[in-house]
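Letters go in sequence order (proteins before strands), and every chain restarts at 1. Model, not experiment: these values are computed from the prediction.
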Amino acid sequence: MFDSEFERGLFDLRRAKLTEIEKLGQAAYPNQFPASHTVHDVRATWGETTSEELEANRVTVAVAGRIMAIRAQGKAGFATLQQGGERLQIYVRQDAVGEQGFALYKLLDLGDHIGVSGYLFRTRTGELTVHVERLTFLAKAMLSLPEKYHGLADVELRYRQRYVDLFTNLDSREVFVKRAKVLRALRQFFDERGYLEVETPMMQQVAGGAAARPFRTHHNALDMDLFLRIAPELYLKRLVVGGLDRVYEINRNFRNEGISTQHNPEFTMLEFYQAYANYHDLMQLTEELIEFVARAVNGTAKTEFNGHTIDLAHWQRLTMREAIRQFWPEEAGAKPAPTAFDSAQVFQARLHAAIASLEKVAGETTRIAPERLAELKTVRDAVAGVYYDSMKGAPVGKSVYNLFEAVVEPFLIQPTIIYDYPVEVSPLSKAKPDDPAHVERFEFFAGGFELGNAFSELNDPVEQHKRFEQQLGERDRGDDEAHQMDEDYVRALAYGLPPTGGEGIGVDRLTMLLTGSKSIRDVILFPLMRKQQESENRDQGTGTN
RNA sequence: GAGCUCGUAGCUCAGUAGGUAGAGCAACGCCCUUUUAAGGCGUGGGUCCUGGGUUCGAAUCCCAGCGAGCUCACCA
């Protein structure tokens, strides 16, 4: 519990103070405090009331809070109480609270919880303040608080000791208040449209619905290995087979992959399915949904993210091919012709020329701004990777997708829907009726990253079985992210899944966008951290003396 | 998994031509009845992340490890 002798010593001092507090007739750990108002109530109700009005009609309140600042002045003193993320000043003077009350005030420390009752007034500088008549001790902070001006700045400590972060950095608290608003708005949106909220298994015998490595666990009584789910997709579609035409689920997914500013091993996913809808319907719904959530959370569709103002009320829609042509960097030479995506040979030649052109530009260090140059070098390396994969025999659709990720995705700052994906990268999507090389699928982006993925669902059980078998082949070749066979899911499809559109949205990322958070860890209360080394202080202590 | 950067008091941070550590806040004592990053006087507090190495001497230089941040890779 203690990180140092300083903390141990402080703890002992505070315990002594608790004893003193008890001697004053107060409980060290009382069970409740009957507050008449929250701090928010007080500020909302009397925040604008003038000093004269407060004197003419005396208002008495009882409020509780944590002491975040304390300023003693001889036989009087101030303190700042914080409760519910808001602050209210109190004024304690000996002639108002009596000797016992003032003795208690002097035993208070930063971080303590107290309750006060008294009347409202304004100080000389105009600040709304409680003139305390009775002071009630509620709980003691036995450890010292972070520096009061800067708060807790150490990013690691903010994640590991979120409980301190939350009450010292109110900005951090605000992010999680907004996160709750995101969830509420999502539910409201779908509830109003007749979707049923459901909960499907988090522990699954077959971890399906996405390409990712799962976490493994074990049920003892049944002696059965289980996986934490990587997606709810296959269960939600079973429900549509069962006649729940519109369903949604907001819950955690678990993927045994790397950690980054955009990835946490457990993350929150919204998935929804709508019978009789296709991907065009979902595009429309998505644009409405994101704008609705933004307005519900921030009161505006505009959000500041990473130095950009993003307008979530205005979307553009591009096919993947159009997007590649539109975002093609001029430094990479001529844009690929619309037909260049159809043949592996033509496509490879185009890539080869682009690399050569980028290579040449990379040498001209004097003509180009350093930032743009770094960007172009990243693009060059990525294009080279795409070219290399393509030469090794990657299907052309896969290469087109990889190229898209290299030259387009990082630059999709304003909200954009990219649609018509190559079939090779979309094993659960339905092909376009007039173009079997492409599927009815879209992803949408903002702030430079992917927010969601949607498609018209494959509902042919024979085709689905075939695709699972192909995935098994990939698995045998060593791809441990390939889908597993799910016979029961194929059986469900065999009962008949109506034409259905489905979509998944990363709730953490949406929250990042709406709160201006650059790291996913800033929107997850307790992000996964590496195990800390055992502190020597905590376990030794008898080794030497 | 790779590259770069960082790790000094409870917290926020200073501290290199290598000479064994400092400020503010917090803590402790005293003064102060309208302060608000309150103020004044005084005091205590450090395995300088850990372990090696170089050196007469290491917070500082080198190596390894641990932890973190950023970028990249896998992925959403």
Side-chain angles (χ1 to χ4, degrees), chain A residues 2-11 13-14 16-17 51 68-80 87 89-97 102 109-111 121-127 129 131 141-161 164 168 210-213 230-231 253-271 374 377-378 381-382 385 405 409 443 445 449-453 479-481 504-510 512 518-521 529-537 540 544:
Chain A
F2 301 113
D3 281 339
S4 66
E5 282 309 308
F6 172 87
E7 289 199 341
R8 190 184 299 276
L10 188 64
F11 196 89
L13 273 168
R14 298 275 160 105
K17 282 189 178 181
S51 184
M68 295 304 289
I70 192 159
R71 297 177 289 280
Q73 287 192 318
K75 297 199 164 39
F78 291 90
T80 302
R87 292 181 168 200
Q89 179 170 268
I90 63 167
Y91 181 50
V92 183
R93 39 193 294 175
Q94 190 174 54
D95 55 18
V97 297
F102 203 71
D109 291 296
L110 287 178
F121 77 109
R122 285 190 185 276
T123 62
R124 225 175 255 166
T125 55
E127 177 153 353
T129 304
H131 197 291
M142 310 294 278
L143 296 168
S144 78
L145 265 50
E147 208 256 359
K148 66 184 171 191
Y149 186 61
H150 298 91
L152 193 62
D154 185 301
V155 182
E156 181 179 354
L157 283 180
R158 289 186 41 229
Y159 297 150
R160 289 195 194 272
Q161 301 185 30
V164 178
T168 50
R213 285 194 293 273
I230 56 175
N253 285 350
F254 305 87
R255 298 191 184 174
N256 210 335
E257 310 275 359
I259 293 175
S260 81
T261 49
Q262 287 168 34
H263 301 86
N264 194 63
E266 55 177 304
F267 63 102
T268 300
M269 181 84 125
L270 158 70
E271 281 203 19
K377 284 183 174 169
T378 308
D381 292 348
E405 289 195 319
E409 178 168 349
E443 293 186 320
F445 302 82
F449 54 79
E450 182 193 339
L451 280 171
N453 178 25
D479 181 358
D480 51 2
E481 290 184 4
I505 296 177
V507 173
D508 311 279
R509 289 186 180 179
L510 181 57
M512 286 167 65
K518 278 191 270 187
S519 171
I520 197 169
R521 295 179 144 194
M529 303 290 281
R530 230 176 271 269
K531 197 160 62 173
Q532 258 179 323
Q533 229 175 352
E534 289 295 320
S535 167
E536 307 266 320
N537 281 329
Q540 275 186 349
T544 55

Student: Contact between A:Asn453 and A:Glu443 at the side-chain level, heavy atoms closer than 4.5 Å - yes or no?
Tutor: yes
Student: Would you kindly give the CD-to-C1' distance between A:Gln262 and B:rG69, to the nearest whole Å?
Tutor: 16 Å
Student: A side-chain contact here means heavy atoms from C-beta on lying under 4.5 Å apart; do A:Arg14 and A:Leu10 qualify?
Tutor: yes
Student: Do A:Arg93 and A:His131 have side chains that approach each other closer than 4.5 Å (heavy atoms only, starting at C-beta)?
Tutor: yes
Student: Mind listing the N/O atom pairs, protein and nucleotides 9-13 of chain B, below 3.5 Å?
Tutor:
{"residue": "B:rG10", "atom": "OP1", "partner": "A:Ser4", "partner atom": "OG", "Å": "3.4"}
{"residue": "B:rC11", "atom": "O2'", "partner": "A:Glu147", "partner atom": "N", "Å": "2.8"}
{"residue": "B:rU12", "atom": "OP1", "partner": "A:Ala153", "partner atom": "N", "Å": "3.0"}
{"residue": "B:rU12", "atom": "OP1", "partner": "A:Asp154", "partner atom": "N", "Å": "2.7"}
{"residue": "B:rU12", "atom": "O2'", "partner": "A:His150", "partner atom": "ND1", "Å": "3.4"}

Student: Paired with B:rC4: which nucleotide, if any, by Watson-Crick or G-U wobble criteria at under 3.5 Å for both distances?
Tutor: B:rG69
Student: Quote, to the nearest angstrom, the C1' distance that separates B:rC6 from B:rU50.
Tutor: 16 Å
Student: Any strand counts, and the cut-off is 3.5 Å on both contacts for Watson-Crick or G-U wobble. Which nucleotide pairs with B:rG22?
Tutor: B:rC13
Student: Which one is paired to B:rA64, where only Watson-Crick or G-U wobble pairs with both distances under 3.5 angstrom count?
Tutor: B:rU50
Student: Does A:Lys17 put a side-chain nitrogen or oxygen below 4.0 Å from OP1 or OP2 of B:rA27?
Tutor: no
Student: Grab the CZ-P distance between A:Phe121 and B:rU35 for me, whole Å please.
Tutor: 11 Å
Student: Does a side-chain N or O of A:Arg71 approach OP1 or OP2 of B:rU33 to a distance below 4.0 Å, or not?
Tutor: no
Student: Among B:rA38, B:rU34, B:rG67, find the nucleotide with the atom closest to the side chain of A:Glu156.
Tutor: B:rG67
Student: Taking atom C1' in both B:rC49 and B:rG69, what distance in whole Å separates the two?
Tutor: 16 Å
Student: For the pair made of CD1 in A:Ile259 and C1' in B:rC74, what is the distance, rounded to whole Å?
Tutor: 13 Å
Student: Can you name the nearest heavy-atom pair linking A:Val164 to A:Pro146, along with the distance?
Tutor: CG1-CG, 3.5 Å
Student: What is the minimum heavy-atom distance between A:Phe445 and A:Glu409, and which atoms define it?
Tutor: CE2-CD, 3.6 Å
Student: For the C1' atoms, the ones on B:rU8 and on B:rG24, what distance do you get once it is rounded to whole angstrom?
Tutor: 15 Å
Student: Can you find a side chain N or O atom of A:Arg530 that sits less than 4.0 Å from OP1 or OP2 on B:rC66?
Tutor: no
Student: Any heavy-atom pair between the side chains of A:Met512 and A:Phe449 that's under 4.5 Å?
Tutor: yes
Student: When rounded to the nearest Å, what value does the distance between C1' atoms of B:rC30 and B:rG44 take?
Tutor: 15 Å
Student: Has the side chain of A:Glu127 got a donor or acceptor atom sitting under 3.5 Å from an opposite partner on the base of B:rU34?
Tutor: no
Student: Under 3.5 Å for both donor-acceptor distances, Watson-Crick or wobble: does B:rG29 have a partner, and if so which one?
Tutor: B:rC41
Student: When rounded to the nearest Å, what value does the distance between C1' atoms of B:rU55 and B:rU12 take?
Tutor: 34 Å
Student: Distance check, C1' atoms only: B:rG46 and B:rA59, in whole angstrom units.
Tutor: 11 Å
Student: Nearest-Å distance, CD1 (A:Ile70) to C1' (B:rA37)?
Tutor: 16 Å
Student: Considering only side-chain heavy atoms of A:Arg93, which listed nucleotide, B:rA76, B:rC70, B:rU33, is closest?
Tutor: B:rU33
Student: Between B:rC72 and B:rA64, how far apart are the C1' atoms? Round to whole Å, please.
Tutor: 24 Å
Student: Quantified in whole Å, what is the P atom distance between nucleotide B:rC56 and nucleotide B:rU16?
Tutor: 24 Å
